Enquirer: 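Got a structure for you, questions after.
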Amino acid sequence: MVWSESVPRFWRERARKYRLVGGRCRKCNSIVYPHRSVCPHCGAENMEPIELPRRGKVVTFSVVRHPPRGFEGKEPFLVAVIELENGARVLSQLVDVHPEDVKEGMEVVAVFRRYREQAPNGIIEYGIKFRPLK
Amino acid sequence: MKRVYILGAGATKVGEHWDKSLRELAVEALLSAIKDAGIDKREVEALYVGNMMSGELQGQEHLGSLIATWSGMAGIPAFKVEAACASGGAAVHQAFLAVASGAYDCVAVVGVEKMTDALPSDVTAALLTAEDQEYTVFVGATFVALNAMVYRYYLSKYGVKQEHVAQFAVHCHRMAVANPYAQFRREVKLEDVMSSPLIADPIRLLECAPTGDGAAALVLCDEEYLKRNPRDELVEIAASAAATDIFSVHERKDLSTVASFRRAAECALKRAKVEPERIDVLEAHDAFTILGVLTLEELGFAPRGEGWRLVVEGQLAPGGKIPTNTMGGLKARGHPVGATGVYQVFDLFTQLTERAGSNQVDNAEIGFAGNFGGVAGTTVVHLLKRVR
């Protein structure tokens with residue numbers, strides 16, 4: 001697929017992906033991830049970029065047993081909606097924990113990890129995952 | 001707005017059509033609908049093709065001109081309409097608007113998807129084009145996993161048992177037995193569903209709609225055209241409405257409601273001046289069992305967290321409180337993605353014209369279909385009325 005060949009496509013997202021840069025709406029105070037120019041909740045066009053807190057709780061999760069392209073051989077792995085300390089929600093992977101030990105409400109903390117590789121000799125895409133706080 | 005009527009409908013059986021191409025399926029359904037309408041195909045003024053994945057799975061786009069040509073209708077305006085799994089519903093919506101606006105007197109819509117040309121991993125990747133490539137697909141979340149997170153959240157929030165929701169799949173299979181167009185004309189037991197392999201926890205294989213090939217088509221017209229081409233059983237599309245929700249599930253304020261469906265449904269019911277309790281036949285977008293239950297709750301047939309009771313009590317069968325997916329739904333009639341929204345209207349038309357055989361709902365007057373795209377980032381609804 002075309003996406004796997006593109007270096008600039010990943011490069012331009014690096015701040016949002018490496019440093020968890022979300023956006024806070026100056027009008028309705030919603031905080032969303034990732035940052036963008038327009039608030040998806042109220043439509044205001046004055047979002048400011050903010051680095052999101054590193055700690056949060058698991059809202060809900062699933063175990064991917066049939067991986068999509070780029071994640072072959074990594075199954076089973078965990079994906080989750082995490083609510084961060086300031087209320088922002090992110091979709092991410094959970095790591096360093098067995099699926100049977102994950103609970104909704106579990107406290108987690110962000111870690112920098114490898115996600116996938118572009119074509120065999122292409123760049124490696126990194127990003128934020130979450131592991132249990134304790 | 002002009003009133004819009006269904007003059008004819010046609011479909012292929014849903015299944016693994018190894019000997020038929022995407023275009024052949026579309027042509028078969030389309031010509032069958034035109035034949036059912038009893039008109040000459042040269043009368044059709046425009047064509048709308050609902051399809052999601054032909055670009056990914058067949059490397060084929062520009063379906064409007066392609067299907068028009070292969071149907072012997074080259075010359076008319078023809079376009080593909082795409083809105084993920086709601087592509088079919090979106091195509092019907094566009095066809096409806098074209099007639100309602102007065103721009104055309106008679107148009108056709110065909111929904112088609114050909115999924116068995118590709119490996120399952122390619123189909124998974126193609127389905128994922130409905131999600132955010134940069135922030136959802138990037139983390140390895142699959143389409144099933146996203147729905148599974150909604151499912152888990154719902155089960156925890158309301159303390160519901162999974163087997164009660166999973167019963168929705170058992171119901172759909174039971175309904176499909178008598179539907180000659182259905183992909184799976186056999187029953188399944190709840191034990192089979194609950195012991196089938198996990199795809200993305202807690203969703204099990206038999207809670208998921210299957211992949212398959214199929215095409216369904218409709219001919220729509222206005223009142224004056226109908227007077228010139230009368231038919232015995234008459235069905236009006238009393239409302240066609242669509243809505244969107246915030247794209248990604250994690251950005252929504254509530255994970256356990258389907259905001260786009262609620263919004264589109266309210267709009268359609270208001271336009272048609274119909275209360276939900278007057279719906280005689282419901283088509284729910286049960287790509288996963290949980291979505292069937294959420295559909296019942298959004299329409300108010302059960303309080304939040306209690307939609308499963310209707311399923312378990314058998315209220316979804318003909319004669320029940322709200323006959324739902326009476327031809328098998330996505331689970332058992334099948335879910336050829338871009339065709340599904342058209343199959344839903346086709347199935348309602350079958351009921352309202354009393355062609356449903358042993359699944360017939362007595363005196364069915366009002367049919368309602370909800371077609372979801374993505375994790376309901378888009379919903380298209382149709383409200384059909386039998387006219388006597």
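Quick caveat: nothing in here was measured; it's all calculated off a predicted structure. Chain letters run A, B, ... following the sequence lines, proteins first, then strands; residues in each count from 1. Scope of the values below: all heavy atoms of this structure, side chains included, with no hydrogens, waters or symmetry mates.
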Enquirer: Does NZ or CZ of Arg116(A) lie under 6.0 Å from the centre of the six-membered ring of Phe138(B), at an angle within 45° of the ring axis?
Expert: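 Geometry flag: not set, cation outside 6.0 Å or 45°.
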Enquirer: So, Tyr33(A) and Glu251(B): side-chain donor and acceptor under 3.5 Å apart, yes or no?
Expert: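 Per modelled atom types, Tyr33(A) and Glu251(B) side chains form no pair under 3.5 Å.
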Enquirer: Tell me, for Val59(A) versus chain B, whether the close heavy atoms (under 4.5 Å) come from the side chain, the backbone, both or neither.
Expert: both
Enquirer: For Asp201(B), does its backbone N or O pair with a side-chain atom of Ser62(A) as donor and acceptor, under 3.5 Å?
Expert: yes
Enquirer: Measure Asp132(B) against the heavy atoms of chain A and call it side chain, backbone, both or neither at under 4.5 Å.
Expert: neither
Enquirer: Is atom CZ of Arg65(A) surrounded by more than 12 heavy atoms (other residues, nucleotides or ligands) closer than 6.0 Å?
Expert: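 Yes, because the 6.0 Å sphere around CZ of Arg65(A) holds more than 12 heavy atoms from other groups.
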Enquirer: Give, as side chain, backbone, both or neither, the part of Leu198(B) having an atom under 4.5 angstrom from any heavy atom of chain A.
Expert: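 For Leu198(B), backbone and side chain are both near chain A.
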Enquirer: Between Arg89(A) and His250(B), is there a donor-acceptor pair closer than 3.5 Å when you use the side chain of the first and the backbone of the second?
Expert: no
Enquirer: Looking at Ile246(B) and Pro40(A), what are the two nearest heavy atoms and their distance?
Expert: CD1-O, 3.5 Å
Enquirer: Using every non-hydrogen atom in the two residues, find where Tyr153(B) and Thr60(A) come nearest and quote the distance to one decimal.
Expert: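 Smallest heavy-atom distance, with atoms named: N-OG1, 3.7 Å.
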Enquirer: Grab the two heavy atoms, one from Ala80(A) and one from Met149(B), that are nearest each other, plus how far apart they are.
Expert: CA-SD, 3.8 Å
Enquirer: Within a radius of less than 6.0 Å around CZ of Arg54(A), do more than 12 heavy atoms belonging to other residues, nucleotides or ligands occur?
Expert: yes
Enquirer: In the structure I gave you, are the side-chain heavy atoms of Ser30(A) and Lys253(B) within less than 4.5 Å of one another anywhere?
Expert: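 Yes, close enough: below the 4.5 Å cut-off.
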Enquirer: Taking all non-hydrogen atoms of both residues, which atom of Ser92(A) and which atom of Val139(B) are closest, and how far apart?
Expert: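 Taking every non-hydrogen atom into account, CA-CG1, 4.2 Å.
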Enquirer: For residues Arg152(B) and Phe61(A), report the shortest heavy-atom separation together with the two atoms involved.
Expert: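 Closest approach of Arg152(B) to Phe61(A), heavy atoms only: NE-O, 2.7 Å.
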Enquirer: Let's test your reading of the structure: which of Glu83(A), Lys129(A), Arg16(A) forms the most heavy-atom pairs below 4.5 Å with chain B?
Expert: Arg16(A)
Enquirer: If you count heavy atoms of other groups shown closer than 6.0 angstrom to NZ of Lys157(B), is the number above 12?
Expert: yes
Enquirer: Of the listed residues (Val32(A), Val90(A), Leu78(A)), which shares the most heavy-atom pairs with chain B below a 4.5 Å separation?
Expert: Val90(A)
Enquirer: How far apart are the C-alpha atoms of Arg69(A) and Thr124(B), what are their side-chain angles, what is the distance that settles it, and do they pass the side chain to side chain contact (heavy atoms under 4.5 Å, CB included) test?
Expert: CA-CA 8 Å; Arg69(A) 204 176 278 149; Thr124(B) 302; over 6 Å; no
Enquirer: Which atoms of Leu128(B) are under 4.5 Å from chain A, going by heavy atoms: the side chain, the backbone, both sets, or neither?
Expert: side chain
Enquirer: Between Leu146(B) and chain A, with a heavy-atom cut-off of 4.5 Å, which part of the residue counts as in contact: side chain, backbone, both or neither?
Expert: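 Side chain of Leu146(B) only, per the 4.5 Å heavy-atom cut-off to chain A.
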Enquirer: Within residues 94-111 of chain A, which positions have a heavy-atom distance to chain B below 4.5 Å?
Expert: Glu104(A)
Enquirer: Salt-bridged, Glu134(B) to Arg9(A), with N to O below 4.0 Å?
Expert: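 Salt bridge present between Glu134(B) and Arg9(A).
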Enquirer: Does any heavy atom of chain A fall under 4.5 Å from the side chain of Thr136(B), the backbone, both, or neither of them?
Expert: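 For Thr136(B), heavy atoms of backbone and side chain both lie under 4.5 Å from chain A.
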Enquirer: Looking only at heavy atoms, what is the nearest atom pair of Val79(A) and Ala145(B), with distance?
Expert: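 Between these two residues, the closest heavy atoms are CG2-CB, 4.0 Å.
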Enquirer: Sort and list the pairs that fulfil side-chain hydrogen bond (donor to acceptor under 3.5 Å, both in side chains) and have at least one residue in residues 70-82 of chain A, not counting sequence neighbours.
Expert: none
